[in-house]
Structures are given as structure tokens and as C-alpha cells.
Amino acid sequence: MERRETDVKETENRSTGKLSNPQNTIQVIQKHGFAFQKKFGQNFLIDAHVLDKIIAAAGVTADDMVLEIGPGIGTMTQYLAERARQVTAVEIDTNLIPILKETLSDYDNVTVINEDILKVDIKKLAEEYNAGKPIKVVANLPYYITTPIIMGLFESGVPIDNITVMVQKEVADRMQVGPGSKDYGALSLAVQYYAEPYIVANVPPNCFIPRPNVGSAVIRLTRHQTPPVEVKDRELMFKLIRASFNQRRKTLLNGLNNSPELSFGKEQIAAAIEQLGVPAAVRGEALTLEQFARLSDLLGELSLIHISEPTRLQ
């Protein structure tokens with residue numbers, strides 16, 4: 001019993017001087033007269049147990065370079081700096097830079113970049129700080145920009161081991177579900193093409209300052225070494241996916257036929273759906289990633305046949 005009480009006290013002592021202690025967060029905010037900006041979706045995490053779960057889920061080791069997106073006042077950055085070899089934190093809010101300089105002054109393995117993450121050359125950062133080896137990404141993401149950031153990371157070709165992020169619970173649910181669920185959509189398929197999603201923990205609003213209006217979740221996206229499906233034209237597959245869910249109440253045939261991104265005729269689409277072996281009135285939300293890949297290949301083949309047919313004289 002004494003040993004357990006000692007361990008609890010040690011944990012409390014370890015976090016006493018850190019920003020995961022709500023009193024310290026409030027003190028720093030008041031000292032600098034910091035005003036939360038709605039446009040940046042700022043909610044600072046103040047729960048040491050959740051922070052420990054994030055670090056553990058990301059599997060951060062002393063050999064790792066971690067890219068942190070949106071460090072805020074440096075709460076999670078402090079935890080990362082104690083585990084990782086190098087932490088590169090990208091913060092868009094200029095008002096937070098002097099605060100970060102103060103809260104991270106004890107760590108010589110942290111680099112703070114005042115920039116919009118969507119405009120940063122992450123590949124260059126991975127080369128500079130990690131010799132081009134896979135990096136780990138950790139973030140408490142602003143909810144309004146979660147999807148562009150995650151998809152931007154995957155599509156950029158940046159070498160990534162995993163992305164462990166705090167997001168809106170609803171978004172985390174959408175990332176991991178399969179066909180047939182109301183949450184299943186283009187984001188589910190895109191994320192699952194690039195990575196294996198795993199929800200680490202659900203996080204209530206009282207773990208943040210200020211409290212958000214919705215529940216949150218920590219999700220880890222472990223990058224696939226090779227994609228789970230083979231597809232001849234990845235860009236075409238994602239166009240089909242987007243078109244299928246843009247009008248999800250319509251049949252797959254009508255959704256694809258109505259899309260300005262696609263130039264297939266209705267007969268071509270119907271023929272490809274028939275070859276896919278699914279009902280003619282199927283909706284996109286019923287198709288798996290494998291089926292979308294197959295449909296993409298079928299439409300690609302049909303369009304080639306159409307192009308190669310000789311023009312008939314009238």
C-alpha cells in the first residue's frame with residue numbers, strides 16, 4: 001500500500017510544475033494576457049493522464065523526431081521533449097511564440113516554427129531533423145481543420161510512422177468505421193487507404209481550457225507500409241469515392257453520373273457496376289475500399305476501350 005501511495009505522489013510531483021496542472025496553465029495565460037482565438041480553435045489540454053496516453057499510443061522513444069502541430073502554450077510539448085530526441089512544433093498563432101519560449105526554456109531539443117502547418121514543407125523538416133527517416137506526428141488538432149491537415153500529411157509523401165491526434169469524437173468515429181454505418185464516408189475510406197486507425201481514448205470536455213462544446217477522442221493512425229488495396233489510378237478512385245458520398249442519398253450510378261469531376265457516360269458507369277457484381281441500385285455507402293478500387297480499374301478499362309474504338313462515319 002505504501003509503495004502505491006508513493007507512486008501516486010511521484011506522478012503528482014512530476015506534473016506539479018508542468019502545464020498539465022490547470023493552475024499552472026491559468027497562471028501562464030493570465031501572466032501573458034493571452035486571449036483565446038476562436039479562428040484557431042484553441043482548447044488547451046490540462047489532463048496529465050490523457051497526455052500520458054497520447055505519448056504511449058504514439059510510441060515515442062529517445063530515437064524519434066516528433067512533429068507537433070499546434071503546441072498551444074507547450075503542454076504536450078513538455079511531455080514529448082522528455083521522451084523524444086527532437087520535437088519540432090509548428091504553431092500558427094504569433095501571440096503564443098513568446099509564451100512557448102518561456103514554457104519550453106528548459107528543453108534544448110525543441111524547435112518552434114511560427115507557421116501555418118498547411119504551408120510548411122514537412123518533407124524538408126524530416127530531412128533536416130531526421131535524415132529523411134519516418135517521423136511521428138502528435139497533435140491536439142483544431143476541429144475545423146482536422147481533415148485537411150491529416151490528408152495533407154498522407155498525400156504529401158512525407159515519411160510517417162504514425163499520426164496520433166486529438167480530434168472531435170465524431171470525426172474519430174468516422175475515420176474507423178466500415179460500410180453500412182451512417183458515419184461511413186469519404187474520410188473513412190481515405191484514412192483507411194493510408195493507415196490503420198485505432199481509437200485510444202475518449203476525452204470529455206472538462207479536460208480542456210476552455211471547455212469545448214463537444215466530446216473529443218485520441219486516435220492513432222499507423223501508416224500502412226503498402227496500401228491495403230491495389231489500384232491502377234489512385235486519383236480516379238478518390239474521385240469516385242468523393243462523388244459517391246457528395247450525394248449519398250442517391251444511387252451510386254446517379255452519384256457518379258452527376259459528378260463534375262468525372263466524364264464517364266451513364267452506360268459506362270452502369271456496365272462497370274454490373275461487372276463489379278453489386279445491385280444496380282446500390283449506394284456508395286455500401287461499397288468497401290476494395291470494391292471502390294475495383295470499380296476504378298473497371299471504369300479505367302472501359303474508358304480505354306471507348307477511346308480506342310474507331311470513329312464511325314455517319
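Note that OG1 of T75 is 10.5 Å distant from CG of N21, once rounded to the nearest 0.5 Å. Here CD1 of I97 is found 4.0 Å from CG of N114. Values are rounded to the nearest 0.5 Å. Atoms CZ and CD1, on F44 and I26 in that order, are 12.5 Å from each other to the nearest 0.5 Å. In this structure, CZ on R83 lies 13.0 Å from CG on N109, to the nearest 0.5 angstrom. For the atom pair NZ of K250 and CZ of R283, the computed distance is 10.0 Å after rounding to the nearest 0.5 Å. Atom CD1 of I54 sits about 9.5 Å away from atom CD of E68, to the nearest 0.5 Å.
Looking only at side-chain heavy atoms (C-beta outward), Y107 and Q78 come within less than 4.5 Å of each other. Using a 4.5 Å heavy-atom threshold, the side chains of L287 and S244 count as separate. Proximity of F36 to I209: side-chain heavy atoms (C-beta onward) are separated by under 4.5 Å at one or more points. Two residues are said to be in side-chain contact when any heavy atoms from C-beta on lie closer than 4.5 Å; I55 and L80 meet this criterion. With contacts defined as side-chain heavy-atom distances shorter than 4.5 Å, the pair V203/D47 does not qualify. By the 4.5 Å heavy-atom criterion applied to side chains, N162 and L221 are not counted as neighbours. Side-chain contact between K124 and Y129: absent, with no pair of heavy atoms (C-beta onward) separated by less than 4.5 Å. Considering only heavy atoms from C-beta on, K18 comes within 4.5 Å of E82 through its side chain.
For the pair Y143 (side chain) and P212 (backbone), a donor-acceptor distance under 3.5 Å is absent. A donor-acceptor pair is defined here as one N or O able to donate and one able to accept, closer than 3.5 Å; no such pair exists between the side chain of S181 and the backbone of V177. Side-chain atoms of D161 never come within 3.5 Å of backbone atoms of I135 as a donor-acceptor pair (strictly under, hydrogens ignored). In terms of modelled atom types and a separation under 3.5 Å, the side chain of Q268 and the main chain of G265 share a donor-acceptor contact. Of the possible donor and acceptor atoms, one in the side chain of Q291 sits under 3.5 Å from a partner among the backbone N and O of T288. Not a single donor-acceptor pair under 3.5 Å links the side chain of S259 to the backbone N or O of L256. A distance-only check finds no donor-acceptor pair linking the side chain of E115 to the backbone of I92 [under 3.5 Å]. A donor-acceptor pair under 3.5 Å is formed between the side chain of E91 and the backbone N or O of G72.
Between the side chains of H224 and Q192, not a single donor N or O lies within less than 3.5 Å of an accepting N or O. Under 3.5 Å, the side chains of Y79 and S20 contain a donor-acceptor pair of N or O atoms. Of the N and O atoms on the side chains of Q86 and T88, at least one donor lies less than 3.5 Å from an acceptor on the other residue. Looking at N43 and R211, their side chains never bring a donor and an acceptor atom within 3.5 Å of each other. Under the 3.5 Å distance criterion, with hydrogens and angles disregarded, no donor-acceptor pair is assigned to the side chains of D233 and S296. Donor-acceptor pairing under 3.5 Å is lacking for the side chains of N254 and Q247.
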Is there a side chain to side chain contact (heavy atoms under 4.5 Å, CB included) between M175 and I219? Walk through the geometry before answering.
CA-CA 9 Å; M175 287 183 193; I219 188 166; 3.9 Å; yes
The test is side chain to side chain contact (heavy atoms under 4.5 Å, CB included); show your working for V137 and V66 and say whether it passes.
CA-CA 6 Å; V137 180; V66 177; over 6 Å; no
Full working for side chain to side chain contact (heavy atoms under 4.5 Å, CB included) between F245 and L187
CA-CA 10 Å; F245 290 98; L187 179 62; over 6 Å; no
Might you work through the side chain to side chain contact (heavy atoms under 4.5 Å, CB included) test for Q37 and N95, ending with a clear yes or no?
CA-CA 10 Å; Q37 298 202 53; N95 295 322; 3.4 Å; yes
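Atom CZ of R223 has more than 12 heavy atoms from other residues, nucleotides or ligands within 6.0 Å. More than 12 heavy atoms of other residues, nucleotides or ligands lie within 6.0 Å of CD in Q275, so this atom counts as buried by the packing criterion. Heavy atoms from other residues, nucleotides or ligands lying under 6.0 Å from CG of D116 number more than 12. More than 12 heavy atoms of other shown residues, nucleotides or ligands fall within 6.0 angstrom of atom CD in E102.
A pairwise comparison of heavy atoms in T77 and V110 identifies CG2-CG1, 3.9 Å as the closest pair. Closest approach of A270 to L253, counting heavy atoms only: N-CD1, 3.8 Å. Across every non-hydrogen atom of A57 and V200, the tightest pair is CB-CG2, 3.6 Å. Considering every non-hydrogen atom in both A281 and T251, the closest pair reads O-CG2, 3.7 Å. The two residues I122 and I117 make their nearest non-hydrogen contact at CD1-CD1, 4.0 Å. Contact between L153 and S156 at its shortest, heavy atoms only, is O-OG, 2.9 Å.
For the pair R248 and E285, the salt-bridge criterion is met [side-chain N within less than 4.0 Å of a carboxylate O]. In this structure, R220 does not pair ionically with E196, as no charged nitrogen and carboxylate oxygen lie closer than 4.0 Å. K136 has a carboxylate O that lies under 4.0 Å from a charged side-chain N of D64, or vice versa, which qualifies the two as a salt bridge. Salt-bridge annotation for E170 and R174: present, with a side-chain N of the basic residue lying under 4.0 Å from a carboxylate O of the acidic one.
In this structure, F154 has its ring center at least 6.0 angstrom away from the ring center of Y193.
Residue M166 is tested with T146, V50, L141 for a side chain to side chain contact (heavy atoms under 4.5 Å, CB included); the sole match is V50.
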